[in-house]
There are 2 protein chains.
Amino acid sequence: MATMQRMQTTGLELFYAKGYYDTSIDDILKKLHLSKGAFYYHFDSKEDFFVQIIQNLLARKIYSTLIEPIEGHDNPLTLITKCFDDAMETAVHNELDYGCILSNFITEFNGKNDIIMRHLNEIVTVWEVNLVTALQKGKFNGYLDRHVDCEAAATFLMSSYFGVRTLMTSAAPAAKKYRFMSQLRQYFKSIESKVIS
Amino acid sequence: MATMQRMQTTGLELFYAKGYYDTSIDDILKKLHLSKGAFYYHFDSKEDFFVQIIQNLLARKIYSTLIEPIEGHDNPLTLITKCFDDAMETAVHNELDYGCILSNFITEFNGKNDIIMRHLNEIVTVWEVNLVTALQKGKFNGYLDRHVDCEAAATFLMSSYFGVRTLMTSAAPAAKKYRFMSQLRQYFKSIESKVIS
DNA sequence: GGTAAATCCGACCATATGGTCTGTATATAG
DNA sequence: CTATATACAGACCATATGGTCGGATTTACC
């Protein structure tokens, strides 16, 4: 693998585990047995480095785990349930889980770095749009009750997912997941179509 | 006000706004026109300082905004609704909102500082216990459906609140709040007692 | 008023960090 | 074979940070 890509991969790993401000460039270079010269040959600054990571790795990761799985013509509530279940199962099996990457970075950069925040918010928006679209399609196809506010449901889903991933890092992730999923299904039952097809 | 308390108050302000690792002791001292000597006379280290802030300020803050308001013998779903609404309203009106303090610190310290994480988890547990208790009492008093899993509901509520506070920092906090509350009520409607009293 | 404890000052230190710069090995092109 | 761009090494720099320490000042108490 090219040096530049190895730097980005290792960079994301460490930024996710230790946070952006608490991860030095030397930390990343040490792990890869590379030098300062190599880093500043490929990137302008630490911030530029992180922005590229967001666009090249983070955005794709979010897409593959949270957006792509909910595309399709099936019942969106079923798709979202499975999507969240899978994502949380990965976290449960992960020895060292640090929560949702996207949520963590938003927390870290909020009010500190507007440039990076714009990039992160862009990903959030893409996720939101896809969620709303999926729910609206589900409403059109008769899976959701016609009174459901899809924007509101999307916000609620994003919130709960961000939050539970944070909570899971504290203690008993498997139990937290189980409890969360049970109430997610409860909520979904309340917004699904009442017409018995 | 005593110097020690002023340090803690200003410390919490800055730690909340900029994060623990990105706030230097000099930042705090500069704002208070105090010296290093004053700081290390009152506190052993930056970590000790933060632990005391958690116990003296953060724990009380969480208690007064998220726990105390849901105590009582009324319908817990009504109490929680109002509690969340009030807390989010404060955030909306706050020019610079940085999300839920507790959630932010958990994100920042997770996997980095076990000592501080223990103190933060303690607060989470207290909140959780009080939520579960309130819900169980509500079930006993006929406000909640008797099939409701109160532990699961508490986890779901904590998750969604943590998450929405993070989301609100990104954009359109007022809209996010409105949407969130509408779906919270939707969820509550699905777990309230079905018996018409 | 003298003494001692409490409170605070600020110079200083070791270390870490983002970033710069010069040099060097390799590869590619003419 | 030479020249030139690519890709990386590593010494170096300015600055920042957590923490130390001797001393000055204020307060409390007899």
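When reading the values below, keep in mind they use all heavy atoms of this one structure, side chains included, and skip hydrogens, waters and symmetry mates. Convention: sequence-line order gives letters A, B, ...; per-chain numbering from 1. Computed from a predicted model, the values in this text were never measured in an experiment.
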Side-chain H-bond candidate by donor/acceptor type, A:D97 with A:T169, under 3.5 Å: no
query: At under 4.0 Å, does any side-chain N or O of A:T3 touch on OP1 or OP2 of D:dA7?
result: no
task: Report the distance from atom NZ of A:K46 to atom P of C:dA16, rounded to the nearest whole Å.
output: 15 Å
- prompt: Of the nucleotides D:dG19, C:dC9, C:dG18, which one has an atom closest to the side chain of A:Y40?
  reply: C:dG18
Whole-Å distance separating the NZ atom of A:K30 from the C1' atom of C:dA16: 12 Å
- request: Please check the phosphate of D:dA7 (OP1 and OP2 only) for any side-chain N or O of A:Y41 closer than 4.0 Å.
  value: yes
task: Figure out the CZ/P separation between A:F49 and C:dT17, and round it to whole Å.
output: 15 Å
- request: Return the value, rounded to whole Å, for the distance between atom CG of A:D26 and atom C1' of D:dA11.
  value: 13 Å
- request: Starting from the 5' end of DNA chain C, give me the residue, A:D27 or A:G37, whose nearest nucleotide shows up first.
  value: A:D27
Selected nucleotide, minimal atom distance to A:L34 side chain, candidates C:dC9, D:dA9, D:dT20: D:dA9
- request: Take atom NE2 of A:H33 and atom C1' of D:dG10, then tell me their distance rounded to the nearest Å.
  value: 16 Å
task: Describe, in one word, how the ring planes of A:F156 and B:F180 are oriented to each other, choosing from parallel (under 30°), tilted (30 to 60°) and perpendicular (over 60°).
output: tilted
- prompt: Considering the options B:D85, B:D86, B:T78, which one meets the side-chain hydrogen bond (donor to acceptor under 3.5 Å, both in side chains) requirement together with B:K82?
  reply: B:D86
- prompt: Would you call B:E13-B:R6 a salt bridge at under 4.0 Å N-O?
  reply: no
statement: Closest heavy-atom pair, A:E108 versus A:Y20, reported as atoms and distance to 0.1 Å, is OE2-N, 2.9 Å
statement: Between NZ of B:K18 and P of D:dA16 the distance, given in whole Å, is 12 Å
- request: Choose from C:dT20, D:dT20, D:dC8 the nucleotide whose nearest atom is closest to any side-chain atom of A:A38.
  value: D:dC8
query: Reckon A:K36 touches a base, only the sugar-phosphate, or nothing at all at heavy-atom distances under 4.0 Å?
result: base
task: Return the value, rounded to whole Å, for the distance between atom CZ of B:F39 and atom C1' of D:dT20.
output: 14 Å
- request: Go through D:dC8, D:dG18, C:dG19 for me and flag the one nearest to the B:I25 side chain.
  value: D:dG18
- request: May I ask you to verify if any side-chain N or O of A:H42 is less than 4.0 angstrom from the OP1 or OP2 atom of D:dT6?
  value: no
- line: When rounded to whole Å, the CE to P distance for the pair A:M4 and D:dT6 reads 14 Å
